[in-house]
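Computed over heavy atoms, backbone and side chain alike; hydrogens, waters and symmetry mates excluded.
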Amino acid sequence: MFKRSRALTSVAVIAVVVSTAAPAFADTLRDAIALAYRTNPTLQGQRANQRAIDELVPQARAGLRPDVSASVSAAYTRTDGPDSAGIDFNGDGVFEIAPSENISESDSGSASIALNQTLYSGGRIARAIDAAEASVRSGREQLRAVEQSVLGSVIQAYVDVLRDMDILRIREANLSVLQRQLEESNARFEVGEITRTDVAQSEARLALSESDLAGARAQLSVSRAVYAAVVGQAPANLEQPPLLPGVPADFETALDIGLTENPSVLAAEYDLQAAEARAAQARSQYMPSVGLSATYGGRDELSSFDLGRNTSFQAGATLSVPLFTGGLNRSRVAQALEQANAAKIAILGQERTVLQNVSTSYAQIVQANAQLTAGEEGVRAARIAAEGVRQEQQVGLRTTLDVLNAELELRNAEITLAQARRNQYVAQANLLASMGRLSGEDLDPSIEVYDPEINANRVRNRGGLPWDFAVEALDRIASPGVTPASEGPLAPIDEQLNDEIVRTAPEGQ
């Protein structure tokens with residue numbers, strides 16, 4: 001525990017310290033993604049949750065197998081009570097009847113082993129397996145959603161550090177320029193070329209620049225700390241990120257991919273399959289069930305315990321048919337149907353969320369592209385203007401305030417350009433996440449992919465027996481089937497619900 005705390009503290013300290021000297025090594029976005037993919041706690045925790053969900057399948061399949069139990073018991077019995085009466089002659093010449101008590105004691109012990117095997121459950125076991133399998137597939141999509149969220153955070157943290165490093169560099173350069181400007185102003189004031197007002201203006205701008213520089217350093221420290229928390233190590237000298245693969249050029253393509261590949265939509269569809277299976281499982285409560293049972297055991301006195309003398313074996317088959325449950329089965333079916341309706345409606349909600357996210361991200365890309373183009377032109381023009389104003393001041397055509405304003409406009413343009421680069425990259429990452437294409441293998445084909453199906457296949461048939469297939473096949477053949485929601489509503493749904501996706505592309509497509 002002590003070593004772990006020391007390690008985390010070291011990461012935090014490194015994240016906060018902003019060194020002016022560049023490290024001797026560099027990090028790439030691919031390195032950051034690979035490290036976070038292996039070590040991020042949120043992602044690791046969701047993988048553990050998925051492995052827990054995988055256990056639903058062997059739990060459901062356990063119903064196909066026999067239930068064997070053993071029991072041992074011991075008993076002691078003591079009986080106290082009147083048994084007979086005696087005649088006694090006392091000293092007064094009177095005959096009395098004196099009761100006598102009889103005490104009997106006995107002990108016994110027994111041991112038995114019982115076996116129960118379900119042959120047919122009306123479909124309850126089969127539909128429970130279907131629901132478990134669908135829940136596992138839904139969990140995989142939820143894991144993919146968490147993975148994309150984590151990797152999106154890595155990308156954002158990475159470009160935030162780059163942006164803040166650029167802004168810090170701009171602030172430092174501005175401070176150097178203003179220091180030289182103040183020196184020039186003092187020199188010119190000494191020879192009477194300018195007034196004290198010009199010097200005060202230079203001093204004020206220098207003080208403001210020092211404040212901005214302190215803010216830039218603080219913001220970079222914050223971004224470094226966020227990076228260290230998401231990635232697992234403090235950032236070094238970050239390289240410029242590569243182009244994100246698969247960013248679509250038009251809104252319709254992005255939306256179509258999102259509606260078919262977004263993990264939240266797919267998870268909702270699997271949740272509906274699980275709800276449909278549970279509805280069929282509820283209907284199977286009306287069906288009869290058939291099972292086999294066998295018991296073997298013996299009973300004897302504890303003092304001479306020998307099961308071999310008094311043993312018994314019993315075997316039989318049981319057919320159970322529900323006749324009246326007080327409305328319980330009907331209520332369970334109604335409840336399961338409404339839960340399936342809720343799952344069906346949830347798909348619509350996820351599709352609308354995808355529409356919103358795709359539209360927002362695409363609009364942000366359009367905006368960032370425009371800002372990037374304008375920012376590059378603005379920096380070019382502001383740099384020319386600042387140089388021209390500075391030269392014009394030398395010949396007396398411009399004041400000190402004009403020079404200070406030109407420098408301020410140049411730095412603001414450079415900062416706007418740095419922010420536009422960051423916004424464009426983050427918007428592209430958000431669009432890919434909305435489409436469902438921001439997973440580890442999408443960003444880095446060489447990454448060692450975590451495959452949740454490996455664990456699912458490993459545990460699925462744990463404890464399986466040779467006749468599992470036969471019992472499951474019988475349970476599926478002679479049981480209520482699953483009614484797909486695509487064939488119509490499972491129960492009445494609000495008629496005002498609209499399941500159409502309104503495709504409205506952002507302006508500037």
Side-chain angles (χ1 to χ4, degrees), residues 15-23 159-225 235 237-238 240 367-426:
V16 172
V17 175
V18 181
S19 175
T20 56
V159 295
D160 282 352
V161 172
L162 285 176
R163 176 203 60 192
D164 294 337
M165 290 177 66
D166 287 342
I167 292 177
L168 179 61
R169 177 186 54 78
I170 293 169
R171 295 298 187 191
E172 290 174 340
N174 186 51
L175 182 65
S176 299
V177 171
L178 292 179
Q179 287 173 341
R180 290 195 301 270
Q181 180 65 35
L182 178 59
E183 293 173 357
E184 293 177 4
S185 296
N186 286 325
R188 296 180 65 188
F189 174 73
E190 293 294 334
V191 298
E193 293 184 4
I194 59 176
T195 66
R196 183 62 186 171
T197 302
D198 296 310
V199 176
Q201 290 173 342
S202 298
E203 291 174 343
R205 288 296 174 88
L206 179 61
L208 179 60
S209 178
E210 291 174 345
S211 175
D212 292 337
L213 179 61
R217 285 173 175 166
Q219 182 57 49
L220 178 57
S221 296
V222 171
S223 297
R224 285 173 175 265
N237 186 22
L238 303 185
Q240 290 299 319
Q367 177 188 13
N369 289 340
Q371 289 177 341
L372 192 59
T373 301
E376 291 173 346
E377 179 62 24
V379 169
R380 184 194 65 81
R383 185 173 289 114
I384 295 174
E387 180 63 26
V389 171
R390 194 177 298 109
Q391 293 178 1
E392 291 173 357
Q393 185 206 24
Q394 299 297 328
V395 296
L397 297 179
R398 294 284 185 172
T399 65
T400 300
L401 183 60
D402 293 332
V403 174
L404 295 175
N405 288 338
E407 287 292 338
L408 179 61
E409 291 176 358
L410 173 59
R411 304 311 171 191
N412 288 340
E414 291 175 340
I415 291 174
T416 299
L417 180 59
Q419 292 172 339
R421 290 195 185 102
R422 177 265 181 198
N423 293 341
Q424 181 194 49
Y425 208 84
V426 171

**Student:** Atom OG1 of T416 and atom CG of L372: how far apart are they, to the nearest 0.5 Å?
**Tutor:**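 Taking OG1 in T416 and CG in L372, the distance rounds to 11.5 Å.
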**Student:** Could you tabulate the donor-acceptor pairs under 3.5 Å formed by side-chain atoms of residues 162-169, not counting sequence neighbours?
**Tutor:**
residue, atom, partner, partner atom, Å
D164, OD2, S223, OG, 2.3

**Student:** Quick one: pull up CZ in R188 and OG1 in T400 and give me the separation to the nearest 0.5 Å.
**Tutor:**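 Here the interatomic distance stands at 5.5 Å.
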**Student:** Looking at every non-hydrogen atom in both residues, tell me the closest pair between V379 and L410 and how far apart they are.
**Tutor:**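 Looks like O-CD1, 4.0 Å.
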**Student:** Side chains of N405 and R205: any donor to acceptor distance under 3.5 Å?
**Tutor:**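 Judged by distance alone, the side chains do pair up.
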**Student:** Starting at CG of L238, measure out to CG of D160 and round the result to the nearest 0.5 Å.
**Tutor:**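 Reported to 0.5 Å precision, the distance equals 11.0 Å.
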**Student:** Kindly give the heavy-atom pair with the smallest separation between F189 and I194, and that separation in Å.
**Tutor:**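 Heavy atoms only, the tightest pair is CD1-O, 3.5 Å.
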**Student:** Using a 3.5 Å distance criterion without hydrogens, assess whether the side chain of S176 forms a donor-acceptor pair with backbone atoms of E172.
**Tutor:**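 Present.
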**Student:** Between A382 and A413, what is the shortest heavy-atom contact and its length?
**Tutor:**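 Heavy atoms only, the tightest pair is CB-CB, 4.3 Å.
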**Student:** Salt bridge (charged side-chain N to carboxylate O under 4.0 Å, His left out) with E414: which residues, sequence neighbours excluded?
**Tutor:**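 Applying salt bridge (charged side-chain N to carboxylate O under 4.0 Å, His left out) to E414 gives R383, R411.
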**Student:** How about T195 and Q201: do any of their side-chain heavy atoms sit closer than 4.5 Å?
**Tutor:**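 Counting from C-beta outward, T195 and Q201 never come under 4.5 Å.
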**Student:** How long is the straight-line distance from CG of L417 back to CD1 of I170, given to the nearest 0.5 Å?
**Tutor:**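 So the CD1 of I170 and the CG of L417 are separated by 8.0 Å.
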**Student:** Would you give me the side-chain donor-acceptor pairs under 3.5 Å for residues 178-186, sequence neighbours excluded?
**Tutor:**
residue, atom, partner, partner atom, Å
S185, OG, Q181, O, 2.9
S185, OG, S202, OG, 3.0
N186, ND2, L182, O, 3.3

**Student:** For E377, which residues count as a salt bridge (charged side-chain N to carboxylate O under 4.0 Å, His left out) partner, sequence neighbours excluded?
**Tutor:**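 Checked E377 against salt bridge (charged side-chain N to carboxylate O under 4.0 Å, His left out); matches are R380.
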**Student:** When rounded to the nearest 0.5 angstrom, what is the spacing between CG in L404 and CG in L401?
**Tutor:**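 Those atoms lie 6.0 Å apart.
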**Student:** For E376, which residues count as a salt bridge (charged side-chain N to carboxylate O under 4.0 Å, His left out) partner, sequence neighbours excluded?
**Tutor:**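 By the salt bridge (charged side-chain N to carboxylate O under 4.0 Å, His left out) rule, E376 matches no residue at all.
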**Student:** If I compare all heavy atoms of V159 with all of Y425, which pair ends up nearest, and what's the gap?
**Tutor:**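 Taking V159 first and Y425 second, the nearest heavy atoms are CG1-CD2, 3.6 Å.
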**Student:** For D212, what residues pass the salt bridge (charged side-chain N to carboxylate O under 4.0 Å, His left out) criterion, not counting sequence neighbours?
**Tutor:**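 Partners of D212 under the salt bridge (charged side-chain N to carboxylate O under 4.0 Å, His left out) test: R171.
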